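Residue indices begin at 1 and follow the sequence shown. The structure displayed is predicted, hence computed values, not measured ones. Only this structure's heavy atoms are used, side chains among them; waters, hydrogens and symmetry mates stay out.
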Amino acid sequence: MSIEKALYERAESACELCKASEPLFIYDIPPVSVPNTDTCILVCKTCRDQINGDDAMDTHHWRCLNDSMWSPVIAVQVMAWRMLNRIRDASWPQGLLDMLYLDDAALIWAKATGEGDEEGTALKHLDCNGAQLEPGDTVTLTKDLNVKGTSFTAKRGTSVRGISLVTDNAEHIEGKINGQQIVILTKFVKKSK
Ligand SMILES: [Zn+2]
């Protein structure tokens with residue numbers, strides 16, 4: 001049986017994280033040397049794009065892990081652990097993480113890509129008023145910013161939706177302005193309510 005067929009059967013043709021249906025993709029959970037059904041999960045586009053970082057994390061979407069983290073499939077448990085760690089600043093994910101039990105081998109696998117490193121979470125991204133920024137927040141620019149490599153200036157007061165945090169630099173966030181993904185300094189933004 002092909003990996004794909006086996007996965008569809010296991011997943012009952014639904015995203016193994018959020019239960020959404022087609023289109024579904026096979027996600028090889030890194031680090032993978034030889035993909036097989038034990039190292040892959042079937043995910044929908046929404047899950048895949050956020051896992052890969054193509055889309056900003058939508059914390060609300062990941063409420064689905066409340067159910068899927070109890071999957072008997074180790075690969076699903078590992079991805080649930082990684083995604084919960086990415087959003088654990090939102091408090092409810094930490095509660096789920098406390099309940100999610102991975103055996104030793106699975107935990108080593110889950111941690112293999114650096115997700116959930118303590119250092120990463122020690123960094124706090126603060127806006128110009130010291131308010132803590134979270135992935136998915138909307139912020140407002142507090143000064144005109146020249147967008148590197150273009151003649152475009154992002155005006156003060158511009159709203160940037162669905163920001164993501166640069167994990168290794170507390171002074172940098174990323175967001176889309178004028179359709180372009182750019183890095184913005186946290187001291188030049190204000191969190192919108
Ligand atoms: Zn999904």
Side-chain angles (χ1 to χ4, degrees), residues 1-103 105-116 120 134-138 159-167 173-182:
M1 199 189 300
S2 71
I3 290 183
E4 189 173 7
K5 190 147 184 286
L7 284 176
Y8 269 83
E9 215 157 88
R10 181 180 80 193
E12 297 174 333
S13 305
C15 172
E16 289 187 273
L17 297 176
C18 77
K19 301 291 171 215
S21 49
E22 313 274 339
L24 297 171
F25 304 87
I26 295 175
Y27 178 71
D28 300 333
I29 300 176
V32 173
S33 42
V34 185
N36 61 64
T37 46
D38 291 334
T39 62
C40 296
I41 58 172
L42 207 56
V43 292
C44 67
K45 186 170 185 310
T46 308
C47 285
R48 185 196 62 172
D49 288 351
Q50 291 185 46
I51 290 170
N52 288 339
D54 294 334
D55 281 352
M57 292 291 288
D58 170 10
T59 307
H60 185 72
H61 174 75
W62 296 102
R63 293 261 181 194
C64 62
L65 297 175
N66 203 358
D67 294 321
S68 48
M69 66 181 242
W70 303 106
S71 165
V73 179
I74 303 285
V76 174
Q77 297 171 14
V78 164
M79 273 323 291
W81 187 93
R82 285 191 188 167
M83 299 321 279
L84 286 170
N85 265 289
R86 266 199 223 175
I87 53 172
R88 68 176 166 187
D89 286 347
S91 83
W92 62 263
Q94 185 64 55
L96 293 188
L97 272 173
D98 291 344
M99 289 189 288
L100 176 57
Y101 174 79
L102 297 186
D103 67 28
L107 193 59
I108 289 170
W109 180 17
K111 288 180 174 174
T113 52
E115 207 95 62
E134 281 165 18
D137 275 353
T138 299
S159 245
V160 185
R161 291 166 187 277
I163 61 160
S164 50
L165 308 179
V166 175
T167 47
I173 58 170
E174 282 188 40
K176 258 198 183 125
I177 295 182
N178 217 17
Q180 214 174 350
Q181 185 79 3
I182 62 166

Quick one, P31 and W109 - any side-chain contact, counting heavy atoms below 4.5 Å?
yes
Do the side chain of E16 and the main chain of L42 share a donor and acceptor less than 3.5 angstrom apart?
yes
Do you know which two heavy atoms are closest between R86 and I51, and how far apart they sit?
NH2-O, 2.8 Å
Any donor and acceptor pair, going by atom type alone, linking the side chain of N36 with main-chain N or O of D38 inside 3.5 Å?
yes
Quick one: list whatever passes salt bridge (Lys or Arg N to Asp or Glu O under 4.0 Å) with D67, sequence neighbours left out.
none
Closest non-hydrogen atoms of V43 and C15, given as atom of the first, atom of the second and distance, are CA-SG, 3.7 Å
Would you say Q50's side chain and D58's backbone share a donor-acceptor pair under 3.5 angstrom?
yes
Which heavy atom in L102 sits nearest to a heavy atom in A110, and how many Å separate them?
CD1-CB, 3.8 Å
Inspect the surroundings of CD in Q94 and state if more than 12 heavy atoms from other residues, nucleotides or ligands are less than 6.0 Å away.
yes
Heavy-atom distance under 4.5 Å between the side chains of L17 and L65, does that happen here?
yes
CG on L165 to CD on E174, rounded to 0.5 Å
9.5 Å
Atom OG1 in T39, atom CD1 in I26: separation rounded to 0.5 Å?
10.0 Å
Would a distance-only check, ignoring hydrogens and angles, find a side-chain to backbone donor-acceptor pair under 3.5 Å from R10 to T37?
yes
Over all atoms of both residues, closest heavy-atom pair of P23 and F25:
O-CE1, 3.7 Å
What I'd like to find out is whether the side chain of K19 reaches to under 4.5 Å of the side chain of S68, using heavy atoms alone.
no
So CE of M69 and CH2 of W62: to nearest 0.5 Å the spacing works out to 14.5 Å
Working to the nearest 0.5 Å, report the span between CD1 of I3 and CG of D28.
7.5 Å
Report the C-alpha distance between L84 and W92 in whole Å, list the side-chain angles of each, state the deciding distance to 0.1 Å, and finish with yes or no for side-chain contact (heavy atoms from CB on, under 4.5 Å).
CA-CA 9 Å; L84 286 170; W92 62 263; 4.2 Å; yes
Could you tell me the separation between the OG1 atom of T113 and the CD1 atom of I29, rounded to the nearest 0.5 Å?
10.0 Å
Looking at L96, is its backbone amide N or carbonyl O close enough to the side chain of R88 to form a donor-acceptor pair, meaning the two atoms are under 3.5 Å apart?
no
Is the shortest side-chain heavy-atom distance between W81 and K111 below 4.5 Å?
yes
From CG (N52) to SG (C47), nearest 0.5 Å:
11.0 Å
Any idea which heavy atoms bring C44 and S21 closest together, and the distance?
CB-O, 4.4 Å
Would you say that C40 contacts L7 through its side chain, given a criterion of any heavy-atom pair below 4.5 Å between the two side chains?
yes
Take a 6.0 Å sphere around CD of E12 and say whether it holds more than 12 heavy atoms from other residues, nucleotides or ligands.
no
Do the side chain of N66 and the main chain of R63 share a donor and acceptor less than 3.5 angstrom apart?
no
Check P135 against T59 and note the closest heavy-atom contact, atom names and distance.
O-OG1, 4.2 Å
Would you say the side chain of I87 lies within less than 4.5 Å of the side chain of M83, judging by non-hydrogen atoms?
no
Hey, are the side chains of E134 and M57 touching, using non-hydrogen atoms and a 4.5 Å cut-off?
no
